Amino acid sequence: MERYEPLKIEQKWQKIWADNKTFKATEKPDTLKMYIAEMFPYPSGAGLHVGHVRNFTIVDVLARFYAQQGYNVMRPFGYDTFGLPAENYAIKTGTAPQEVTKININNFRKQAKRLGYAIDWDREINTSDPDYYKWTQWCFLQLYKKGLAYQKESYQWWCPEDQTVLANEQVENGKCWRCGHEVEKKKMKQWFFKITEYADELLSEIDALDWPDKIKTMQKNWIGRSAGAEIDFEIVGGAPKIKVFTTRPDTILGATFLVVAPEYPSLDALTNDDTKEAVKAYKTAALKKSEIERQENKEKTGVFTGSYAINPATKEKIPVYVADYVLAGYGTGAIMAVPAYDDRDREFAEKFDLPIVEAEFVDRDLYGTPKITYKMRDWLISRQRYWGCPIPIAYDKEGNPHPIPEDQLPVLIPEVEDFRPDNSGHSALAKAKDWLKVELYNEDTGKVEEMTRETDTLDGYACSSWYLWRYASPHDKKHAWDEKAIKYWEPVDIYVGADHAVAHLLYVRFWCKFFADEGYLPFREPIKKLIYHGYINAPDGKKMSKSKGNVIDPLDVINDGYGADTLRTYEMFIGPVELDAAWDPRSVGGVYRFLNRCWSLLGNISKADNIIIRNKTIKKVTTDIVKCNFNTAVAALMEYVNELYKQGASKEDLIALAKLLKPFAPHLASEMLERLDTDDEWPKWDEKYLTSDTVEVIVQVNGKLRAKLTVKTEDLEDEEKITSLALSDEKVAKYTKNGVKKSIFVKKAHLLNIVV
RNA sequence: GCCCCGGUGGCGGAAUUGGUAUACGCGUUCGACUUAAAAUCGAAUGGAGAAAUCCAUAUGAGUUCAAGUCUCAUCCGGGGCACCA
């Protein structure tokens, strides 16, 4: 038997799979389908890292496992290519992002192929390909038509480093998710998707999903539903009345003042000549505060506006304050303060010496109207950046927006010399003077007019909100997705990723519900099962990063001679799928030794037949893969191989081994199967071989292990016989000579506990 | 501050869901092969003890014939939310 040479074997099988298009997925109406995908990667210049390998290999193990079981499997692949890294690289080097992206994709594809993934390469998609983003624009227009894509002028998060606005989901602890720079608030007119329209459904359907609890909880918290009431307060002197939101309308008798947010629209009308300056100064200072400052300093601040409101329950005059502990974007931006029952209000009342009244509770809907409020805000989608999907809108001379007709899509990204963003509030698209102008029919005037194109691009998350449907018919020239293909393949059966708990995973659910309402999708939840796996850290437990110099390059591991099979199997063995794990180069060697042993067994087929352990292993590996317990599935295979080494392995033992190994180490297993001259159909176990003629019975005295008896399996039915056998055991007798109180026999655990 | 998870050998981690704690891998030690080394193969490996045994799943109590698993308290680590009225 020749040596195990992974690189040689892998090259051979990768060629065979590519030449035969082995993993091409076609619709087979009579076969159960299984659609499995990873969260498609952003193809960075650094190439694949070990985290990608974990992500893709989980998908691959499942895809191959189900294919071997006879499912009609689709396992597509694609690239999420719009975004800042490619654009920033372009700015630095002067290479167009289009070019950079092409190079990175080619590299990613080449590397992914070295890992032997069962990908249908004919379904590759790329979000910055005009054939793709044409349909992203189409999606935008559908939302626009229904009023779910709209413009609004309001205070937004602005990243001064990246010179763009950000969605709430992209601000982490007051910092930009991309560059980590502190964000600021800026009043701007921006495009939004009205995700709040679906808040209730997004919340209520979470529980039924087969997703990790962690993600479900995060989404629930993010949506943040609370039930309360809106109550109107008249203002003395005739200023517009103030509507407040409260979850405790029953405490209204204790409401001794009102507070509005600094951004409150009619704040000016509440002031008088005495208070005007102070209020203005307070507002300016509050808006300048960064999110971090607001979080760090929770000391209450505020000023009296000069106005009084009438408490509708007590009819008393109560002062109206402005304070930044009230948030503009939540509820109505105004509250009734009940210092007796709310800690924040009490703190404010104590500081400003306002009355604290412990009044009785009243009926909840006596003075207000019931109202449900959500923490979730609408999704801000405009970005003042070049490398994104252009928003298909143009403006007439009055500045009114008009959609670009569907037959004029795609709105192509214009080529420019300088991709740099600036603080003009416009993206670099504004520098393409020719592109900017477009002749469009204006429905308002009934004339064809010259209009100016929208220069903002779409948040990259818009592009990834529908790609899972594009995979079903990636080359469709006439539709975003083909109705028939969607009906067969969707929804996604298993989706695998390690990020985007609220953003992406909430947005795809939102779009799914919208397009279901529009009749384009026959389901309302896009992903049946979600697997959220942990990260792989450096051997020292720290995050891998170029600057720390602790990055493990998966291609190095392969080329060092271990091969892709070892890399794949190691990453499945590294620990429970949902946990972070530290890379251990020595364990990689352990997995390589294991595969080597599998290979060596092939050269020495014996007569020994290990029916029992073979059946046990088949059962264990099968059930473990279904439960995504990949680490213990590999451990079971190792145990099996150790046993075969001791006992000798029959051809049948080896066939089972190769088939079970194939999802993890497909090249080696394919080579083994070829030499064993057999197919790869997933093996079945037979319960009747899981028990032997004899069984070991554990004998405890007072819960402590004292003896192990070997009895005939059928004797498990005879408790008396086992008890007397146990009592006559020399070791047991030592402890039971003073008599036995009782004994408990557990057949399932083949255990006997004698109490003395 | 509030809400979730976790804590098991020298290390990563198993444990049929209340039933033999430490599977599997790494590391370590010894042995075989070899002139030698690597590779490979075999054996041992929670702690104490000569042994019988005893003690060990963060700590302390409790329930039970039986607890890593259930209950309560405490300590430590991780994650999420965080002025959301």
Side-chain angles (χ1 to χ4, degrees), chain A residues 3 173 212-222 224-226 228-229 244-249 251 255 258-259 261 294-295 297-301 323-338 341-345 347-348 373-377 501-502 539 541 570 573-576 578-591 593-594 596-597 600 620 623 629 631-642 645-646 696-708 731 734 741-756:
Chain A
R3 273 180 50 222
N173 297 321
D213 286 337
K214 182 177 131 183
I215 311 299
K216 294 208 249 185
T217 307
M218 281 168 77
Q219 293 210 352
K220 280 185 202 169
N221 290 343
W222 186 261
R225 180 186 198 269
S226 47
V244 307
F245 172 75
T246 177
T247 53
R248 295 294 306 277
T251 63
L258 297 191
V259 187
R294 265 181 98 144
Q295 276 173 8
N297 185 10
K298 289 191 179 169
E299 176 84 12
K300 295 283 174 292
T301 61
D324 67 359
Y325 84 93
V326 173
L327 305 175
Y330 184 74
T332 59
I335 62 155
M336 64 176 206
V338 186
Y341 302 115
D342 184 284
D343 291 342
R344 298 151 301 183
D345 295 346
E347 219 181 288
F348 192 84
T373 302
Y374 300 92
K375 281 191 209 174
M376 183 172 65
R377 315 289 155 83
V502 284
Y570 169 66
F573 184 62
I574 197 167
E578 70 281 2
L579 295 186
D580 291 353
W583 188 267
D584 179 1
R586 290 185 298 206
S587 287
V588 179
V591 171
R593 275 192 283 281
F594 159 64
N596 224 322
R597 282 158 75 84
S600 304
K620 173 81 176 148
T623 52
N629 294 335
N631 55 331
T632 50
V634 174
L637 285 169
M638 288 172 166
E639 221 172 324
Y640 180 49
V641 167
N642 290 345
Y645 250 72
K646 279 185 205 141
E696 195 175 62
V697 171
I698 303 305
V699 184
Q700 299 179 331
V701 178
N702 286 347
K704 283 193 171 148
L705 175 66
R706 293 303 176 194
K708 293 178 183 182
K731 274 182 152 176
K734 244 172 79 181
K741 273 189 199 142
K742 63 169 171 175
S743 65
I744 290 125
F745 181 62
V746 188
K747 194 168 80 183
K748 177 182 74 146
H750 35 92
L751 174 144
L752 178 74
N753 190 12
I754 299 168
V755 187
V756 296

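Quick caveat, the model's predicted, so the values are computed rather than measured. First the proteins, then the strands, lettered A, B, ... as listed; each starts at 1.
- Taking the nucleotide of RNA chain B with the nearest heavy atom to each of A/Lys734 and A/Asn596, the more 5' of the two is matched to A/Asn596.
- Nucleic acid contact class of A/Asn642 (heavy atoms, under 4.0 Å, all strands): sugar-phosphate only.
- Taking every side-chain heavy atom of A/Ala635 into account, B/A23 is the closest of B/C65, B/A85, B/A23.
- Pairing for B/A58 goes to B/U74, judged as Watson-Crick or G-U wobble with the two contacts each under 3.5 Å.
- Distance CZ (A/Arg225) to P (B/A85): 12 Å, rounded to an integer number of Å.
- For the pair A/Lys300 and A/Phe348, the NZ or CZ position fails the cation-pi test of under 6.0 Å to the six-membered ring centre and within 45 degrees of the ring normal.
- Within the 4.0 Å cut-off from OP1 or OP2 of B/G13, not a single side-chain nitrogen or oxygen of A/Thr632 is found.
- The same atom, C1', is picked in B/G46 and in B/A15; the two are 16 Å apart, to the nearest Å.
- A/Phe594 is not listed as a side-chain neighbour of A/Tyr570, based on a closest heavy-atom distance of 4.5 Å or more.
- Nearest to the side-chain atoms of A/Met638 among the listed nucleotides B/C55, B/C24, B/G13 stands B/C24.
- Counting non-hydrogen atoms under 4.0 angstrom, A/Gly575 reaches nothing in the nucleic acid.
- Side-chain nitrogen and oxygen atoms of A/Tyr330 include at least one within less than 4.0 Å of the OP1 or OP2 phosphate oxygen of B/A85.
- For A/Arg593 and B/C24, the shortest distance from a side-chain N or O to OP1 or OP2 is not below 4.0 Å.
- Rounded to whole Å, the distance from CD1 on A/Ile215 to C1' on B/C5 is 13 Å.
- Residue-level contact check: A/Ser743 touches neither bases nor backbone, having no heavy atom under 4.0 Å from any strand.
- Here B/G9 sits opposite no nucleotide as a Watson-Crick or G-U wobble pair (both hydrogen-bonding atom distances under 3.5 Å).
- Pairing for B/A14 is absent, judged as Watson-Crick or G-U wobble with the two contacts each under 3.5 Å.
- Between the side chain of A/Asn753 and the base of B/C65, at least one donor-acceptor pair of N or O atoms lies under 3.5 Å.
- For the pair A/Lys620 and B/C24, the criterion of a side-chain N or O lying under 4.0 Å from OP1 or OP2 is not met.
- B/G1 and B/A56 have their C1' atoms separated by 37 Å, with the value rounded to a whole Å.
- Listed nucleotides B/G13, B/C26, B/G19 differ in distance to A/Pro576; the shortest reach to its side chain belongs to B/G13.
- The side chain of A/Arg3 contributes no N or O atom lying less than 4.0 Å from OP1 or OP2 of B/U40.
- In this entry the base of B/G9 is syn relative to its sugar, with a glycosidic angle within 90° of 0.
- For B/A14, one of the phosphate oxygens OP1 or OP2 lies less than 4.0 angstrom from a side-chain nitrogen or oxygen of A/Asn631.
- In the interface, the side chain of A/Lys214 is not paired with the base of B/C5 through any donor and acceptor atom under 3.5 Å apart.
- Spacing of C1' atoms, B/G7 relative to B/G13, comes out at 13 Å, to the nearest Å.
- Base contact: A/Val746 has a heavy atom under 4.0 Å from a base atom.
- Taking 90° from 0 as the syn/anti boundary, the base of B/U34 is oriented anti.
- Contact annotation: A/Arg597 reaches the phosphate of B/C41 (side-chain N/O to OP1 or OP2, under 4.0 Å).
- A/Ile754 comes within contact range of no nucleotide atom at all, as no heavy-atom separation falls under 4.0 Å.
- One interatomic measurement links the two molecules: CZ of A/Phe745 to P of B/C65, which rounds to 19 Å at whole-angstrom precision.
- Heavy atoms only, all atoms of each residue included: A/Pro576 and A/Asn631 are closest at N-ND2, 3.6 Å.
- Comparing B/U20, B/A85, B/G12 by their closest approach to the side chain of A/Phe573 singles out B/G12.
- Put simply, CH2 on A/Trp222 and CZ on A/Arg377 are 8.5 Å apart, with the number rounded to the nearest 0.5 Å.
- Picking from B/G19, B/A23, B/A85 the nucleotide with the shortest atom distance to the side chain of A/Ala749 gives B/G19.
- A close approach under 4.0 Å does occur between a side-chain nitrogen or oxygen of A/Lys748 and OP1 or OP2 of B/U17.
- Looking at heavy-atom distances under 4.0 Å, A/Lys375 makes contact with a base.
- For A/Arg706, taking side-chain heavy atoms from C-beta onward, the closest of the listed nucleotides B/C26, B/U53, B/C65 is B/U53.
- Heavy-atom nearest nucleotides on RNA chain B were determined for A/Thr247 and for A/Lys731, and the one closer to the 5' end corresponds to A/Lys731.
- The phosphate of B/A21 (OP1 or OP2) has no side-chain N or O of A/Lys704 nearer than 4.0 angstrom.
- Closest to the side chain of A/Glu696, from the set B/A52, B/C24, B/U20, is B/U20.
- Using a 4.0 Å heavy-atom cutoff across all strands shown, A/Lys220 reaches no nucleic acid atom at all.
- When each of B/C24, B/G19, B/G80 is scored by its nearest atom to the side-chain atoms of A/Glu639, the top-ranked nucleotide is B/C24.
- For the atom pair CG (A/Asp584) and CZ (A/Phe573), the distance works out to 10.5 Å, reported to the nearest 0.5 Å.
- To the nearest whole angstrom, the two C1' atoms, one in B/A43 and one in B/C65, are 38 Å apart.
- Distance from the side chain of A/Lys646 is smallest to B/A43 among B/C41, B/A43, B/C24.
- The backbone N or O of A/Ile744 lies less than 3.5 Å from no partner atom in the side chain of A/Asn753, so there is not a single donor-acceptor pair.
- In this structure, of B/C65, B/U53, B/U20, it is B/U20 that holds the atom nearest to the side chain of A/Lys708.
- Across all strands shown, B/A48 forms a Watson-Crick or G-U wobble pair with B/U53, both key distances being under 3.5 Å.
- You'll find the side chain of A/Asp342 stays beyond 4.5 Å of the side chain of A/Thr251, heavy atoms only.
- Under the Watson-Crick or G-U wobble criterion, with both distances below 3.5 Å, B/G1 is paired with B/C81.
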